[in-house]
Structure formats: structure tokens, C-alpha cells
Amino acid sequence: MSLSKDANDFLERCVWPRVLTQMERETTYHALYQRELQTGTLICHRQEIADSWIGVMTGFLRVQDTTADGKPFMLTGVAPSGWIGEGSLLKIEPRRYEIVATRPTKTLHLPRATFSWLLDRSIPFNHFMLNHLNERLAQFIGMAKYDRLFGPTARVARGIASLFHPVLYPNSEPALRVSQEELAWMVGVSRQRVNSAVHTLQEEQLIRIGYGSITVLDLQAIAQYV
DNA sequence: TCATTAAATTGTT
DNA sequence: AACAATTTAATGA
């Protein structure tokens, strides 16, 4: 079976393969395939039936929809080590959103057939999936709350915290490659506001700003920032 | 390895 | 939104 070394390293960092039996893991790994996307590539189109569960090895994905007047707006971002699209696999209906790579990105895909096969036979996989969905739900609820109650700096903090979510993105590296522009899209504020927000957060020793990257120094404080 | 250049990103108005 | 400054990545001697 011919997964790249990158893919194997990536899978070792993921949680769900660990809950499978040896046999299930082998079958699953055999079905996985890899894609490399250039900046701006649409990986999932709106209205199409989802055909795979998508893991981000490197890069960054933007999940977006468009408003009535045609302006795209970002729903969330997917950082490396995150998986997206399970919601569209659990039902058979057209996607309501589209997914775009915001930079060169490597993805790993688990085909729908294999995904369903795991759901049908593995209780541990179902437990993983429930937990995964629950964490994502909590994330969206948190986002809605912050949008209504707190100012832009807190929302930026919320956005950063969500990308460092230990369950959704079990990343080993402390630094995340995300530009301030990507953060701005994600949180729904201007890039200028993100710029000033990250400087405020840096002064408070909560994060460190890098060129095209953010390092979280105190995840606990970032997640609760008001 | 170093210097040069282009591209990306940040910082500021 | 526009512009300048800065950092990185790529290229070639």
C-alpha cells in the first residue's frame, strides 16, 4: 500500500485511526488517497454530493458560503491535522457550502464508501465521530456568543483559539501558519483590526506574532479571552 | 554560500 | 482601500 511518508506521519498524529482495529485500519488506509491543491482551488463545490471525508495535512482550507448578494463569507477555517466534511457524508444531499484552499495545501481523502463502512461496523469510530461533532458544535456556539457579546479583539482571540483546538486540530507544532488576512476572513473583521488585535494579545503575552504565523503561548487564556 | 529579485505579508494612513 | 516597509522564497553566480 502506497501512502507517502508525509501521509503516514500525518495519520499518526490523528486520533481516529487509533480507535480502529488493525484490520479496519489496513482497509481504511488502502482506500485513502491524497491530493495537492494550489492556492484558490475549489476542493468541494456547492450543490454536489460529498464523496469523501477530508483531512488537512498541510496548508489551510476556508469553508465558505455566499450571501444573497453574492459576496463570499467564511464560515470557518480548517488548520493542519483537522478533518472536515463529515456532516455532508452523514446524509445524502447537496453541500451547502464550498471549500477552498487559501494556500498550497495537501489533503488526504477517505472515500464515502469506506467512511460508511466504518460507521456501520465500528462503535469506537462512532464515539470518535460523536465527540468530533460535539466539539465542532461547541465551537460554533462559542463563535456566535462572541460575535454578539464581545469586541473585535476577543473575536480574534476566539478565532485563534479555535484553530488551536486540541481535539479538532491535534497539532504538534506550537506555531500555526496563518496570515492575518486569513484570520480576518475567518473572524469577520478587517485585516487592520486583526493586526491591532494580535498586537494587543502579544503585549499580554498570550501569543507571539511571526511572519505569516501565530504561536499561542497561553491557550487557556486565549480561549477565555474577553 | 551569498547577492539579487519577486512575491507574500505586515504595518500604517 | 491604498501604500510603504519588511520578511520569505526562489534563482543563479
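Excluded from the calculations below are hydrogen atoms, water molecules and symmetry mates; all remaining heavy atoms, backbone and side chain alike, are included. In what follows, every chain begins at residue 1, and chains take the letters A, B, ... in the order their sequences are listed.
Considering only residues two or more places apart in sequence or on other chains, A:Tyr97 meets the ring-ring contact (aromatic ring centres under 6.0 Å, His included) condition with none of them. With sequence neighbours excluded, the residues satisfying ring-ring contact (aromatic ring centres under 6.0 Å, His included) with A:Phe125 are A:Phe115.
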- Task: Give the B/S/- string for nucleotides 8-13 of chain B, one per nucleotide from 5' to 3', where a protein heavy atom under 4.0 Å of the base yields B, of only the sugar-phosphate yields S, and otherwise -.
- Result: BBBBBB
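Residue pairs satisfying the side-chain hydrogen bond (donor to acceptor under 3.5 Å, both in side chains) criterion with at least one member in residues 112-127 of chain A, sequence neighbours excluded, are listed as follows: A:Glu24-A:Arg121.
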Enumerate, atom names and distances included, each donor-acceptor pair closer than 3.5 Å involving a side-chain atom of residues 208-226 of chain A, sequence neighbours excluded.
residue, atom, partner, partner atom, Å
A:Asp218, OD1, A:Gln220, N, 3.4
A:Asp218, OD1, A:Ala221, N, 3.1
A:Tyr225, OH, A:Glu204, OE2, 3.1

Considering only distance and modelled atom types, tabulate donor-acceptor pairs under 3.5 Å from the side chains of residues 159-168 of chain A, sequence neighbours left out.
residue, atom, partner, partner atom, Å
A:Ser162, OG, A:Gly159, O, 2.7
A:His165, ND1, A:Val167, N, 3.0
A:His165, ND1, A:Leu168, N, 3.1
A:His165, NE2, A:Glu135, OE1, 3.0

